[in-house]
Amino acid sequence: MTPRIIATGSALPERIVTNDDLSRKMDTSDEWIRTRTGIRERRISEDDGKEKLLKLSVRAAEAAIAMAEADGAFSREEIGLVLVATCTPDMAFPAMACRLQDALSLPQVAAFDLSLACSGFLAALDTASAYIESGRCRTALVVGGDVMSRMLNWDDRNTAVLFGDGAGAVILSADERFIAACTGGNTAEEKSADEKAADAFRPRFALHSDGGGEAALYCKAMYFNENEPESEHMDGRKVFEFAVRKVPEVIGEVLRLAGTDAEDISLFVLHQANYRIIEAVAKRLKRPIEKFPHNIERCGNTTAGSMPILLDELNREGKLRRGDVLCLSGFGAGLSYGAAVLRW
Ligand code: UT7
């Protein structure tokens with residue numbers, strides 16, 4: 001079965017925190033943040049207890065479900081897998097996916113979280129695709145979201161200015177058209193043509209971790225003991241250099257897997273960590289910067305939320321046309337990195 005994204009949703013907290021707001025609290029400036037990262041403002045969740053990610057995830061998932069329902073004969077009862085990619089769950093357990101399943105009144109299907117920081121959404125999308133391709137389920141809800149504001153040290157200007165909170169969701173479903181195409185032909189030739197058509201629409205993934213990058217990006221514990229929070233630590237320069245080297249490499253790998261070229265990609269939806277990283281990747285791939293949409297200026301780095309939030313914004317702005325070939329790529333703690341090619 002060929003999985004395709006049939007709907008998207010996203011949710012950002014109401015509260016906007018500008019660079020100037022931060023410069024009143026710490027030794028930084030709007031000029032430094034803008035020129036080094038591209039960020040102008042980010043959304044930060046209000047201090048409303050321990051349901052921050054659940055609230056954002058429910059809003060994002062409900063928006064995606066509403067879009068799928070508006071688009072055709074879809075019912076939430078069809079969802080056969082629920083995945084949440086996050087490194088900032090509201091609780092150690094139950095998994096965010098189980099709590100989301102309950103909040104959305106979804107069927108009693110497999111639901112679990114994946115933790116791979118900024119690469120998490122890609123890993124969850126890959127897992128959901130594998131479930132659908134293998135026939136384990138036909139439709140999956142995949143959420144990527146983080147509330148990094150809970151684990152930031154607000155006295156550390158090296159990290160505090162970079163992140164924002166947010167969640168995005170996609171519904172991935174076996175594509176009926178291609179299932180029909182694959183089973184429609186009678187002759188050997190027709191069957192082979194059907195298989196080729198379905199294969200062309202199959203999403204491809206390349207995921208890696210160098211496994212030795214712990215010192216460059218880590219948080220020792222979650223914030224379960226609110227009295228002794230453990231905050232994020234990052235060697236920004238190291239992560240920057242890693243991303244600029246590895247993202248073009250893994251994009252090249254996945255393009256080869258998909259049998260396509262960078263010239264055929266309609267849009268590159270990259271993890272939003274730093275606008276300068278996006279520019280450097282565009283340059284290395286020799287593709288115009290217009291092919292690299294971004295929302296980092298408004299959202300900052302929303303970790304596992306960044307790719308699905310951007311996808312949803314592009315989708316709702318009508319910038320994604322059915323049949324477009326998209327390339328997604330992310331990187332983060334691990335150090336991990338990956339890319340996907342998928343047909344919209
Ligand atoms: O999603 C994955 C997770 N993280 C990332 O992707 C982050 C990747 N890295 C980056 O985006 C960039 O490396 C940063 C934005 C974090 C830093 O930019 P940079 O051009 O690599 O700057 P730098 O680390 O070389 O620091 C330059 C200077 C330092 O001062 P000195 O030592 O040269 O005097 C920092 O202390 O900038 C200083 N600095 C700041 N100054 C004002 C660091 N943070 C700030 C700040 N405001 N917020």
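For ligands, and for the atoms within them, numbers begin at 1 and follow the listed sequence.
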*Record the part of T303 in heavy-atom contact with ligand 1 below 4.0 Å; permitted values are side chain, backbone, both and neither.*
neither

*W154 to S149 - nearest heavy-atom pair and separation*: NE1-O, 3.3 Å

*Of all the atoms in ligand 1, which lie at a distance below 4.0 Å from a heavy atom belonging to F331?*
2 (C), 6 (O)

*Between V254 and I277, is there a shared hydrophobic cluster once you connect ILVMFWY residues whose side-chain heavy atoms come closer than 4.5 Å?*
yes

*Of the options L314, L267, L311, which is the one that meets W344 in a side chain to side chain contact (heavy atoms under 4.5 Å, CB included)?*
L311

*asked:* How far is atom 2 (C) of ligand 1 from the closest protein heavy atom, and which atom is that?
replied: C118 SG, 3.7 Å

*Okay, side chain of Q101, backbone of P107: is any donor-acceptor separation there less than 3.5 Å?*
yes

*Can you tell me which residue and heavy atom of the protein come closest to atom 17 (C) of ligand 1, and the distance to 0.1 Å?*
W32 CH2, 4.0 Å

*Can a protein heavy atom be found under 4.0 Å away from atom 22 (O) of ligand 1?*
yes

*Looking at atom 5 (C) of ligand 1, what's its closest protein heavy atom, distance included?*
V239 CG1, 3.7 Å

_Ligand-side contact atoms (ligand 1) for residue partner T37, heavy atom cut-off under 4.0 Å_ = 15 (C)

*With a 4.0 Å heavy-atom cut-off (strictly under), which part of H271 contacts ligand 1: side chain, backbone, both or neither?*
side chain

*N/O separation below 3.5 Å, G236 to ligand 1*: yes

*Return the residue, atom name and 0.1 Å-rounded distance of the protein heavy atom closest to atom 6 (O) of ligand 1.*
A273 CB, 3.3 Å

_Between S306 and N301 (side chain of the first, backbone of the second, donor and acceptor by atom type, cut-off under 3.5 Å), is there such a pair?_
no

_Looking only at distances, can you tell me whether any N or O atom of R237, backbone or side chain, sits closer than 3.5 Å to an N or O atom of ligand 1?_
yes

*If every non-hydrogen atom of L56 is compared with every non-hydrogen atom of P13, which pair is closest and at what distance?*
CD2-N, 3.8 Å

*Quick one: nearest non-hydrogen protein atom to atom 46 (C) of ligand 1, plus distance?*
T28 OG1, 3.3 Å

*N301 heavy atoms, cut-off 4.0 Å: which ligand 1 atoms fall inside?*
1 (O), 2 (C), 3 (C)

*asked:* Yes or no, since that's all I need: does a protein heavy atom fall within a distance strictly under 4.0 Å of atom 41 (N) of ligand 1?
replied: yes

*Do any non-hydrogen protein atoms sit less than 4.0 Å from atom 37 (O) of ligand 1?*
yes

*Are E253 and R256 close enough, and set up right, to give a salt bridge (Lys or Arg N to Asp or Glu O under 4.0 Å), and what steps lead you there?*
CA-CA 5 Å; E253 180 185 341; R256 282 191 296 281; 5.7 Å; no

*Any idea which part of N274 is under 4.0 Å from ligand 1, heavy-atom wise: side chain, backbone, both or neither?*
side chain

*Ligand-side contact atoms (ligand 1) for residue partner R276, heavy atom cut-off under 4.0 Å*: 18 (O), 19 (P), 20 (O)

*Nearest to atom 29 (C) of ligand 1, what protein heavy atom do you find, and at what distance?*
R157 NH2, 4.8 Å

*What orientation do Y131 and F112 show, parallel under 30°, tilted 30 to 60°, or perpendicular over 60°?*
tilted

*Specify whether F292 and F268 have parallel, tilted or perpendicular ring planes, treating 30° as the upper limit for parallel and 60° as the lower limit for perpendicular.*
parallel

*Give the residue and atom name of whichever protein heavy atom lies nearest to atom 4 (N) of ligand 1, and the separation in Å to one decimal.*
M234 SD, 3.1 Å

*asked:* Once you restrict to heavy atoms under 4.0 Å, what part of I33 touches ligand 1? Side chain, backbone, both or neither.
replied: neither

*Determine whether L12 and V147 fall in the same hydrophobic cluster, where Ile, Leu, Val, Met, Phe, Trp and Tyr are linked whenever their side-chain heavy atoms lie under 4.5 Å apart.*
no

*Could you list which atoms of ligand 1 come closer than 4.0 Å to a heavy atom of L217?*
3 (C)

_So which atom in I6 and which in A68 form the shortest heavy-atom distance, rounded to 0.1 Å?_
CD1-CB, 4.2 Å

_So if I count the atoms of ligand 1 from 1 in the order they appear, which ones are less than 4.0 Å from some heavy atom of V161?_
48 (N)

*Does N19 use its side chain to pair, donor to acceptor, with the backbone of E31 at less than 3.5 Å?*
no

*Quick check: does any side chain N or O of D30 sit under 3.5 Å from a backbone N or O of D20, one acting as donor and the other as acceptor?*
no

*asked:* Tell me the protein heavy atom at minimum distance from atom 43 (C) of ligand 1, and give that distance in Å.
replied: N158 OD1, 3.1 Å

